[in-house]
Amino acid sequence: CFDDGRTARELRAAGGVVHALGAVRMSRPWQIHRVRTRLRQLLASLDVDICVTPSSWIHALFAPVVRACGLPLALWANDRWSRDGWMDRMALRHKPDVVIANSRYTADGMAVSLPGVPIRVVHCGVAPLPIDRARRASIRAALDTPDDALGIVQVARLDAYKGHRLLID
């Protein structure tokens, strides 16, 4: 975690241990040096089995430290990386030991970007909540949606390539 913001507070409230490394911007080399040093010290003080980076910028920032500490490195990929983006290019300099992809689409794209790296697909682990008829009716009423209308709730970043238009069509 980079700071002691809302996520850190919620994790601590749930009984989690949070180590804040401090704020960092890739455009500020002194901040990069500071958080990498803090991560190196933290990893040396803990019994760590594997490090997981959840995005290209986190991977670009911390993969060199993880490698220098001799630890296995996994990448959690929520989207394909592209050599067109400077951050993705920086991250691609550091091959992980394994890529964990959130979908087959992401896995296929990461296989192109990181040839030879094992890739595993792990779909979202959040189970949908069952909604009884009364709750469903109350939600439809609040959204002014008739019972015979199709209702779709999509939680995602609204990028054209994700296929939202195809879903609506």
Side-chain angles (χ1 to χ4, degrees), residues 1-8 10-11 16-44 46-128 152-169:
C1 184
F2 292 109
D3 60 30
D4 283 316
R6 177 181 167 196
T7 301
E10 289 176 359
L11 287 169
V17 177
V18 176
H19 301 277
L21 299 176
V24 63
R25 288 180 164 272
M26 294 300 268
S27 62
R28 297 191 169 90
W30 64 92
Q31 291 179 350
I32 292 171
H33 176 72
R34 185 189 67 236
V35 297
R36 283 180 172 171
T37 298
R38 288 178 181 167
L39 178 63
R40 190 175 298 108
Q41 292 167 344
L42 180 63
L43 293 176
L46 300 173
D47 185 21
V48 176
D49 294 315
I50 189 169
C51 289
V52 180
T53 55
S55 66
S56 61
W57 85 274
I58 297 291
H59 191 81
L61 183 63
F62 290 132
V65 175
V66 173
R67 287 292 187 222
C69 291
L71 293 167
L73 178 62
L75 167 66
W76 172 255
N78 291 298
D79 198 357
R80 295 175 173 206
W81 288 2
S82 165
R83 294 195 182 274
D84 295 336
W86 70 272
M87 188 59 67
D88 289 354
R89 281 195 312 274
M90 283 183 61
L92 287 168
R93 295 177 186 166
H94 311 284
K95 284 194 174 189
D97 297 301
V98 65
V99 172
I100 305 164
N102 68 340
S103 68
R104 185 80 253 150
Y105 171 83
T106 298
D108 291 345
M110 293 307 287
V112 171
S113 295
L114 291 165
V117 175
I119 299 175
R120 305 290 181 264
V121 175
V122 177
H123 297 284
C124 180
V126 179
I152 299 172
V153 176
Q154 178 73 34
V155 180
R157 197 173 62 237
L158 296 175
D159 287 328
Y161 75 92
K162 288 184 170 264
H164 300 105
R165 182 171 303 282
L166 177 63
L167 174 65
I168 292 168
D169 289 348

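Hydrogens, waters and symmetry mates are skipped; everything else that's a heavy atom, side chains included, is used.
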Using the side chain to side chain contact (heavy atoms under 4.5 Å, CB included) rule, take Leu21 and Gln41 through it: C-alpha gap first, then chi angles, then the decisive distance, then the call.
-> CA-CA 10 Å; Leu21 299 176; Gln41 292 167 344; over 6 Å; no

What do the steps show when you test Leu61 against Ile32 for side chain to side chain contact (heavy atoms under 4.5 Å, CB included), and what is the final call?
-> CA-CA 7 Å; Leu61 183 63; Ile32 292 171; 3.7 Å; yes

Kindly determine whether His19 and Leu46 satisfy side chain to side chain contact (heavy atoms under 4.5 Å, CB included), including the steps that lead there.
-> CA-CA 11 Å; His19 301 277; Leu46 300 173; 4.3 Å; yes

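Listed for the Arg120 side chain is no donor-acceptor partner under 3.5 Å among the backbone atoms of Ala101. For Arg34 (side chain) and Val24 (main-chain N/O), no donor-acceptor pair under 3.5 Å exists by modelled atom type. A donor-acceptor pair under 3.5 Å is formed between the side chain of Arg80 and the backbone N or O of Tyr105. Put simply, the side chain of Arg83 never gets that close to the backbone of Arg89: no donor and acceptor are under 3.5 Å apart.
Donor-acceptor pairing under 3.5 Å is lacking for the side chains of Ser82 and Asp88.
Rounded to the nearest 0.5 Å, atoms CD1 (Ile119) and CD1 (Ile100) are 11.0 Å apart. If you take CE on Met87 and CH2 on Trp81, they are separated by 10.5 Å, rounding to the nearest 0.5 Å. Atom CG of Leu71 sits about 9.0 Å away from atom CD1 of Ile50, to the nearest 0.5 Å. To the nearest 0.5 angstrom, Leu75 atom CG is 7.0 Å from Leu114 atom CG. With values rounded to the nearest 0.5 angstrom, Trp86 atom CH2 is found 5.5 Å from Met26 atom CE. Here His59 contributes atom NE2 and Trp76 contributes atom CH2; the two are 15.5 Å apart, rounded to the nearest 0.5 Å.
The two residues Leu43 and Cys51 make their nearest non-hydrogen contact at CD2-SG, 3.9 Å. The shortest non-hydrogen separation linking Met110 to Ala77 is CG-CB, 3.9 Å. Counting all heavy atoms, side chain and backbone alike, Ala91 lies closest to Ser56 at CB-O, 3.3 Å. Here the closest heavy-atom approach between residue Arg36 and residue Pro64 is recorded as NH2-CG, 3.9 Å. Across all their heavy atoms, Asp79 and Asn102 have their closest contact at N-OD1, 4.4 Å. Summarising the geometry of Val99 relative to Pro96, their closest heavy-atom pair is CG2-CG, 3.9 Å, with the distance given to 0.1 Å.
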